[in-house]
Undergrad: 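I have a structure here, written as C-alpha cells, and I will follow up with some questions on it.
Each residue takes its place number in the sequence, starting with 1. Every number for a ligand or one of its atoms is a count from 1 in the order of the listing. Treat the numbers as computed from the prediction; the structure is a model and nothing was measured. The figures that follow rest on heavy atoms only: side chains count, while hydrogens, waters and symmetry mates do not.
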Amino acid sequence: ALTVCARAMRDNGQFAGSVLAYSDVTEMVNALNAREDFVSSVSHELRTPLTSIIGYLDLVLDDEDTSDLPARLLNALQVAQRNAERLLLLVSDLLTTASGTMHLQRSETDVAELVRIALDSATPRATPIGVALGCDCEEDLHALVDPDRISQVLDNLLSNAIKYSPDGGKVTVRSRREGANLVLEVEDTGIGMSEADQQDVFTKFFRTGQVKKAAIPGVGLGLVITKSIVEAHGGRISFSSAIGVGSTFRVELPVSAP
Ligand code: ADP
C-alpha cells in the first residue's frame, strides 16, 4: 500500500487538519515484477540460440584456416557472422531498455584500463575507414563502478564516434580525474548534428535524417542506454556538436558511490 499524508496549516501557523490518501498498489507492483520476469526470460530464450549460432560461425571463420572454403561460401558466412553479432547487440539493447531497471555490480575498478581495452577493440573498426584513434588519458583512474557497464558506455560512444565519421577523421578519447569525479570525453571530427536534432539524441529510436539517408547502421538505443548507465552511477552525460565539424560527448562519474 502507498499512503500519502498532507498537513494543512492556517496563515497564523496553526494546524488546520490533514488529508490522508491511501492507495493499494499491489497490482502495479505485481505487474512490474511480471514485466521484469518476462524480460529476463525472453532475454535468455533469444540469447541462447544466437550465442550458439555465433559460436559455430566463429569456429569456422576465426579459429580455422579458411583458405579451403570457396569464396562465395566464405563471404556468405562472414555476412551471417556480422548480422548475428548485430542481432545479439540489438537483443541486448532492446532488453536493457525494456526492463526499465539498471542493476549495477560495482567494484573498485581502474577505468584507465577499461579505456585501453575499449580503444583496442575499436581499432579494427576505425582503421579500415581511415579513422585515427588518439588518447589523452591519465593512468590510475580508480572508481567504484560497474566495469561491464562502464565498458558499454565507452564502447557505445567510441563506436558512434567512428561510424559517424564516414569520411575518416580523428577520434580522441580523454580521461582524467576532476575533483571527486572521473571525466571521460570522446571527441570526433565526423558529421556532427544540427541544433534541432541535438534535442532528441537521448530519445528512444531517434536517429537523425542524415544518418538514415547515408544508411549508417544503428537502432537509436545506444545513447538512451548510455545515459541510463551513467545516471545509475550518479553521473552526468552531455555533449556539444556542430554539423560538419564533429561531436564531443562528455561523461562525469563520481569516484565513489553516491
Ligand atoms: P544509433 O547509433 O544506433 O543510431 P544512438 O542512440 O547511439 O543510436 O545515437 C542516436 C543518434 O544520434 C544516431 O542515430 C545519430 O543520428 C546521432 N549521433 C550519435 N552519436 C553521434 C556522433 N558522434 N556524431 C554524429 N551523430 C551522432
Undergrad: Between ligand 1 and the protein, find all N/O pairs closer than 3.5 Å and give the distance for each.
TA:
unit_1, atom_1, unit_2, atom_2, d
ligand 1, 2 (O), Asn160, OD1, 3.2
ligand 1, 2 (O), Lys163, NZ, 3.1
ligand 1, 2 (O), Tyr164, OH, 2.6
ligand 1, 3 (O), Val219, N, 2.8
ligand 1, 3 (O), Gly220, N, 3.1
ligand 1, 4 (O), Tyr164, OH, 3.2
ligand 1, 4 (O), Arg207, NE, 2.6
ligand 1, 4 (O), Arg207, NH2, 3.3
ligand 1, 4 (O), Gly220, N, 3.3
ligand 1, 6 (O), Gly222, N, 3.2
ligand 1, 6 (O), Leu223, N, 2.8
ligand 1, 7 (O), Asn160, OD1, 3.4
ligand 1, 7 (O), Asn160, ND2, 2.8
ligand 1, 7 (O), Leu223, N, 3.4
ligand 1, 8 (O), Gly220, N, 3.3
ligand 1, 14 (O), Tyr164, OH, 3.2
ligand 1, 14 (O), Arg207, NE, 3.2
ligand 1, 16 (O), Thr208, N, 3.1
ligand 1, 16 (O), Thr208, OG1, 3.0
ligand 1, 20 (N), Asn160, ND2, 3.4
ligand 1, 23 (N), Asp188, OD2, 2.9
ligand 1, 24 (N), Ser247, OG, 3.4

Undergrad: Main chain of Met193, side chain of Gln198: is a donor-acceptor contact present, judged purely on distance under 3.5 Å?
TA: yes
Undergrad: Taking only Lys NZ, Arg NE, NH1 and NH2, and the carboxylate oxygens of Asp or Glu, determine whether Glu187 and Arg174 approach each other closer than 4.0 Å.
TA: yes
Undergrad: Under the side chain to side chain donor-acceptor pair (under 3.5 Å) test, which residues partner Thr127, sequence neighbours left out?
TA: none
Undergrad: Checking side-chain contact (heavy atoms from CB on, under 4.5 Å) against Val173, which of Asp136, Leu184, Leu158 comes through?
TA: Leu158
Undergrad: Classify the side-chain pair Thr208/Asp197 by whether it contains a donor and acceptor separated by less than 3.5 Å.
TA: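 Distance-only check fails for Thr208 and Asp197.
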Undergrad: Grouping I, L, V, M, F, W and Y whenever their side-chain heavy atoms are under 4.5 Å apart, do Leu144 and Leu253 come out in a common cluster?
TA: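 No, it is not one cluster - the side chains of Leu144 and Leu253 are not joined through contacts under 4.5 Å.
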